[in-house]
Colleague: 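Dropping a structure here in structure tokens format, bear with me for questions.
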Amino acid sequence: MNCELAHEQIVMAEYGELSDDAAHELSRHLAICPECGHERETLRAIKLLADSHPISEPEANLMARSRLRLEEALDTLPPRRWYERVARYMGNSFARLQSAPVAAALMLVIGGAAGSLGGYYVSQSHVAKAGEAAQNQAGAQAVVEAAAPSVAGEIASISRIERQPNSEQVEVSYKQIVPRQFSGSLDDAKIRHFLTLAAVRAAASGEDDSSVDLVVDECQKGHSCRASGLSDALVMVLRYGRSPQMRRKALAGLAPYVAEDLGIRNGILEAVLYDSDAEVRTDAIHALTPVEADTSVRQVLHNVASSDPNPQIRMVSRQALSQAPEIQ
């Protein structure tokens, strides 16, 4: 499998549209291709951030309100008088009559009747167009009003996440239009959603990593880290966290799952190859100890041990290879 095909199948796999055989072949490719593994984790991060802003359904009475406003708008339109319609029609026809003086008298007689009828239909067309415009405006305003609660309900920022001493209770301070708080257990789905969102944002900003500490603690205790998406958040922190300290914390939370989760293993392999901090890379090599017999892991360690410009990383890689069991 080449990388171009893998990129297409990664998208299908994430949305559950890939067959079992193709998924197995894709997993084998991802095990030896860090670049495609990075592509998959990036897609997962995008989905994670998109899921943090759910789409709100419009109010049930939206259509009723739109119809009421349309009727009000139509009632405010002044009716066009009959002689105004005739004058407008005759004015538009005058130029054509000038080019036919012989038929002008006949046309004036016929035009008197036809003009009245035609003017009536023209005016009705304008009224219909005005009504349509009023309906569009009323509908747009109603949509904005219906969407306002959704916009107000979005999370603008998470300012603080604090765990109560000797307790499983967590208090989250976040901002919408006005600051709000939500309290609940660490097992609560909404608390875990806040933790995941805050950890990803902390990785991007590098400002506050208290949420990362909580996610790491939950993963080290084995509290549904993978099923709830906390491990995906830590992979994002490991990849994009601005501070080495934050990335090392993420490694500590991911290490217990390196043997059972291929995505986590690939994320740690990327840290070995590409992280800019030597201590993070050293921790990543140590985190791979349970899977050092894996072919892809040994290949990365061999490459690093033979050609990495950092002598410390070369030495740590050689030590890991010397202690590794036989190839699986």
Colleague: Could you list the residues that satisfy salt bridge (Lys or Arg N to Asp or Glu O under 4.0 Å) with Glu41, not counting sequence neighbours?
Modeller: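 By the salt bridge (Lys or Arg N to Asp or Glu O under 4.0 Å) rule, Glu41 matches Arg44.
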Colleague: Is Asn2 atom CG crowded by more than 12 heavy atoms from other residues, nucleotides or ligands, each under 6.0 Å away?
Modeller: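 Yes, because the 6.0 Å sphere around CG of Asn2 holds more than 12 heavy atoms from other groups.
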Colleague: Can you name the closest pair of heavy atoms from Cys36 and Ala6 and give their distance?
Modeller: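 Smallest heavy-atom distance, with atoms named: SG-CB, 3.9 Å.
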Colleague: Does one hydrophobic cluster hold both Leu288 and Met315, with members joined at side-chain heavy-atom distances below 4.5 Å?
Modeller: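 No; Met315 is not reachable from Leu288 via cluster members.
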Colleague: Under the salt bridge (Lys or Arg N to Asp or Glu O under 4.0 Å) test, which residues partner Asp217, sequence neighbours left out?
Modeller: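 With neighbours one apart ignored, the set is Arg163, Lys221.
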Colleague: Just wondering, do Ser317 and Ile285 contact through their side chains at under 4.5 Å, heavy atoms?
Modeller: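 Yes - at least one pair of side-chain heavy atoms lies under 4.5 Å apart.
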Colleague: Can you list everything that forms a side-chain contact (heavy atoms from CB on, under 4.5 Å) with Arg242? Sequence neighbours excluded, please.
Modeller: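 Residues passing side-chain contact (heavy atoms from CB on, under 4.5 Å) with Arg242: none at all.
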Colleague: Who pairs with Glu260 by side-chain hydrogen bond (donor to acceptor under 3.5 Å, both in side chains), at least two apart in sequence or on another chain?
Modeller: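 Listed in chain order: Arg226.
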Colleague: Can you name the residues that form a side-chain contact (heavy atoms from CB on, under 4.5 Å) with Arg248, not counting sequence neighbours?
Modeller: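 Only Glu279, Val280, Asp283 meet the side-chain contact (heavy atoms from CB on, under 4.5 Å) criterion with Arg248.
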Colleague: Taking the side chain as every heavy atom from C-beta outward, state whether Asp232 and Thr196 have any pair of such atoms under 4.5 Å apart.
Modeller: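 With C-beta onward as the side chain, the pair stays apart.
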Colleague: Which disulfide bond (SG atoms under 2.5 Å apart) pairs, counting each pair once, include a residue from residues 213-260, with sequence neighbours left out?
Modeller: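 The answer is Cys219-Cys225.
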Colleague: Apply salt bridge (Lys or Arg N to Asp or Glu O under 4.0 Å) to Glu35 and list each qualifying residue two or more places apart in sequence or on a separate chain.
Modeller: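 Scan of Glu35 (salt bridge (Lys or Arg N to Asp or Glu O under 4.0 Å), adjacent residues dropped) gives none.
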Colleague: So do Arg314 and Val304 actually touch side chain to side chain, heavy atoms under 4.5 Å?
Modeller: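 With C-beta onward as the side chain, the pair stays apart.
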Colleague: Kindly state each residue pair satisfying salt bridge (charged side-chain N to carboxylate O under 4.0 Å, His left out) with at least one member in residues 265-277, sequence neighbours excluded.
Modeller: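 For residues 265-277: Arg239-Glu270, Arg247-Asp275, Arg265-Asp294.
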Colleague: Side-chain contact, heavy-atom cut-off 4.5 Å: Ile191 with Ser185?
Modeller: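 Not touching, per the 4.5 Å side-chain cut-off.
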Colleague: To check you understand the geometry: which heavy-atom pair defines the closest contact between Leu238 and Ala271, and what is its length?
Modeller: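 For Leu238 and Ala271, the tightest heavy-atom pair comes out as CD1-CB, 4.1 Å.
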Colleague: Sequence neighbours left out, cut at 3.5 Å: what donor-acceptor pairs do the side chains of residues 305-312 make with other protein atoms?
Modeller:
from: Ser306; atom 1: OG; to: His302; atom 2: O; distance (Å): 2.9
from: Ser306; atom 1: OG; to: Asn303; atom 2: O; distance (Å): 3.2
from: Ser307; atom 1: OG; to: Asn303; atom 2: O; distance (Å): 2.7
from: Asp308; atom 1: OD1; to: Arg281; atom 2: NH1; distance (Å): 3.2
from: Asp308; atom 1: OD1; to: Arg281; atom 2: NH2; distance (Å): 2.4
from: Asp308; atom 1: OD2; to: Arg281; atom 2: NH1; distance (Å): 3.3
from: Asp308; atom 1: OD2; to: Asn310; atom 2: N; distance (Å): 2.9
from: Asn310; atom 1: OD1; to: Gln312; atom 2: N; distance (Å): 2.9
from: Asn310; atom 1: OD1; to: Ile313; atom 2: N; distance (Å): 3.4
from: Gln312; atom 1: NE2; to: Thr282; atom 2: OG1; distance (Å): 3.4

Colleague: For Gln164, enumerate each residue passing the side-chain contact (heavy atoms from CB on, under 4.5 Å) test, keeping only those at least two apart in sequence or located in another chain.
Modeller: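 Gln164 satisfies side-chain contact (heavy atoms from CB on, under 4.5 Å) with Ser167, Gln169 only.
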Colleague: For Ala259, give me all partners under side-chain contact (heavy atoms from CB on, under 4.5 Å), at least two apart in sequence or on another chain.
Modeller: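 Expected list: Val291.
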Colleague: Could you pull out every donor-acceptor pair under 3.5 Å between side chains of residues 24-34 and any protein atom, sequence neighbours left out?
Modeller:
from: Ser27; atom 1: OG; to: Ala23; atom 2: O; distance (Å): 3.0
from: His29; atom 1: ND1; to: Met1; atom 2: O; distance (Å): 3.3

